[in-house]
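Predicted model, so just to flag it, every value in this text is computed and none were measured. Order of listing sets the numbers, starting from 1, for every ligand and every atom in it.
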Amino acid sequence: MCGIVGFIGQNDARDILLNGLEKLEYRGYDSAGIAVLNDQGLHLSKVKGRIAALRKHVDHSVQSTVGIGHTRWATHGVPSEENAHPHQSASGRFTLVHNGVIENYQELCREYLYDVNLKSKTDTEVIVQLMEKLAEKTQDTVEAFRQTMRLLQGSYAIALIDREDRDNIYAAKNKSPLLVGLGEGFNVVTSDAMATLKVTDQYLEIYDGEIVTVSRNFVEVQQLNGTLVDRKPFTAQIDWADTEKGTYPHFMLKEIDEQPLVMRKIIKEYQPENNGLKLEADIQNAIKDADRIYIIAAGTSYHAGLIGKGFLEKMANIPTEVHIASEFSYHMPLLSERPLFIFISQSGETADSRAVLVKIKEMGYPALTITNVPGSTLSREADFTLNLYAGPEIAVASTKAYTAQIAVLAILAVDTAKAKGMELDFAPMQELAIAANAMEVLTDQKNTMEELAKDYLSASRNAFFIGRGTDYHVCLEGALKLKEISYIQAEGFAGGELKHGTIALIEEDTPVIALATQEKVNYAIRGNVQEVVARGANDLIISMQGLERDTDAFVIPAVHEFLTPLVSVVPLQLLSYYAALHRGCDVDKPRNLAKSVTVE
Ligand code: F6R
């Protein structure tokens, strides 16, 4: 959610900033801006819209070796040029970009900035105006920066430049991700290594409550109390090629296609010969001894959690609850005596999930994070992390991370069952390999899915997805995919529940997509389809080999009954993709959304 890039070096900053912002655009894309400094002063360019528009707007004749840039997902203030970052202090001396939310910005305004005429409606501008006030008082930039950070409540990753100093970028962090990338004669500041991988793979992690002075040849990290921090850099394990679309028209299609590969990667990484999950003894014991597991997640990851609950209960016999992160923080259920918390998050940065993690760690409970970004906040702050090995997921709609989450949860459940001395008639690696092959069969049938999407979804206002048991949980995900990228109002429903009210919405030709992959409810779900067909619905049944009937629109290859979600979700992802494409939607960057939701 929002992206930051800063550069200080010998070469022209502008291209590095614009290229970096392009890589971060999936995190927020309603407005963008850059500010660069040279001996003629500060040059600021901001636009409402995308980085492509910013690229056109920037004065390409301006050369500079230091600058900062931002791509925004609006929280305070509408998307507009004036609310776009960078923001400037009253005199124009300080210029700043910010990710996060300053919770006390109104109080700060009242107390310190009553005489300042704010130009924007953002919480961010308050930071830069405060900075100027405190710099006037202290006559010391670092001290003013430190004092400003002390006054802020909320989340922030900040990069700041000073018109009177072309040799430093100042950065700070609390609860929002921030890294400093290290180079020869240059350094960068970024909210995500992906933005600057082209120039360096060496990064210094910045922790909450730290401020950093970044120059061309050195980086100084200190805590807010002035204590210097000595930290070793790490090598970012992201392949540059993974961040490119290649020959695909959209990242989403590429990522759907990558799913069989991701399954095989997970199998390889978690093979027993490769030491399996490599869980440390204390977390292994916490899982084994847990009397209840609490899965915390949001959106698609929450949907994966619902499938994970089935694995943990059926395979490892542990009662498991799945909670929406944003609800759990405020409405915590009565906890069991020995709970274990599992956080599922593609990005590892979701603020709603992090708020729960902070709370339960204060309460002394163990936590395991399943994420695609080891080193992310949720990974660092939990006791243990399981990596999804899905590679960067750039399309805002999550696809390969969802199936990776399900696969890792299955392996975790099997491992837990084994640790508890239980016998299981389920060989996860073999079954995952079969599921990977089945996914491949499905990704090869894009033409069929495109035709179905055209027939059923090109003109519809709404759509329903129905299923029972695990199919119902996949339907929730199918509906989320469709609504977020095609803007069709879509709902996932338990097949038997529709008639308790929602069936009133079924009209002539309303698309109802039904999943039938579970033997024990095959008869029941087909009965539910008949109920809606009798009221005019246009049914599209996706069944599994062995359970199919002649009238089914699409049949998926048979896989183990635990793993059907890995396979049944693929046609739903493709249906959503083609529906969005035919409706002229921006598939990879749907309106109002951003990847990685770092505000609560
Ligand atoms: C939907 C989607 C979101 C995320 C949710 C949680 O396609 O991507 O629903 O799943 O915002 O994000 P993570 O998994 O990063 O915690």
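Considering each of Ile344, Val396, Thr300, the one bringing a non-hydrogen atom nearest atom 4 (C) of ligand 1 is Thr300. Looking at Ser347, Ser376, Ala298, Ser353, it is Ala298 that brings a heavy atom closest to atom 6 (C) of ligand 1.
In terms of protein heavy-atom proximity, atom 11 (O) of ligand 1 is nearest to Val597 CG2, 4.0 Å. Scanning the protein for heavy atoms near atom 14 (O) of ligand 1, the closest one is Ser301 OG, 2.5 Å.
Of the possible donor and acceptor atoms, none in the side chain of Lys400 sits under 3.5 Å from a partner among the backbone N and O of Asp257.
A salt bridge links Arg264 to Glu440: at least one charged side-chain nitrogen sits closer than 4.0 Å to a carboxylate oxygen. Taking 4.0 Å as the cut-off between side-chain N and carboxylate O, Lys173 and Asp208 count as a salt-bridged pair. One finds no salt bridge joining Glu362 and Lys359 here, because no Lys/Arg side-chain nitrogen approaches an Asp/Glu carboxylate oxygen to under 4.0 Å.
At a 3.5 angstrom cut-off on N or O pairs, Thr350 counts as close to ligand 1. Checking only distances, Lys481 does come within under 3.5 Å of ligand 1, N or O to N or O.
For ligand 1, the atoms closer than 4.0 angstrom to any heavy atom of Ala397 are 7 (O). Applying the 4.0 Å criterion to heavy atoms of Glu484 picks out, from ligand 1, the atoms 1 (C), 7 (O). The distance from ligand 1 to the heavy atoms of Ser398 drops below 4.0 Å at these ligand atoms: 7 (O), 8 (O). Here is the list of ligand 1 atoms found below 4.0 Å of a heavy atom in Ser345: 13 (P), 14 (O), 15 (O), 16 (O).
Under the 6.0 Å distance and 45° angle rule, Arg591 counts as a cation-pi partner of Tyr487.
Listed by chain and number, the residues in a ring pair (Phe, Tyr, Trp, His ring centres under 6.0 Å) with Phe251 amount to none (sequence neighbours excluded).
Pairing each heavy atom of Val559 with each of Ala438, the nearest pair is CG1-CB, 3.8 Å.
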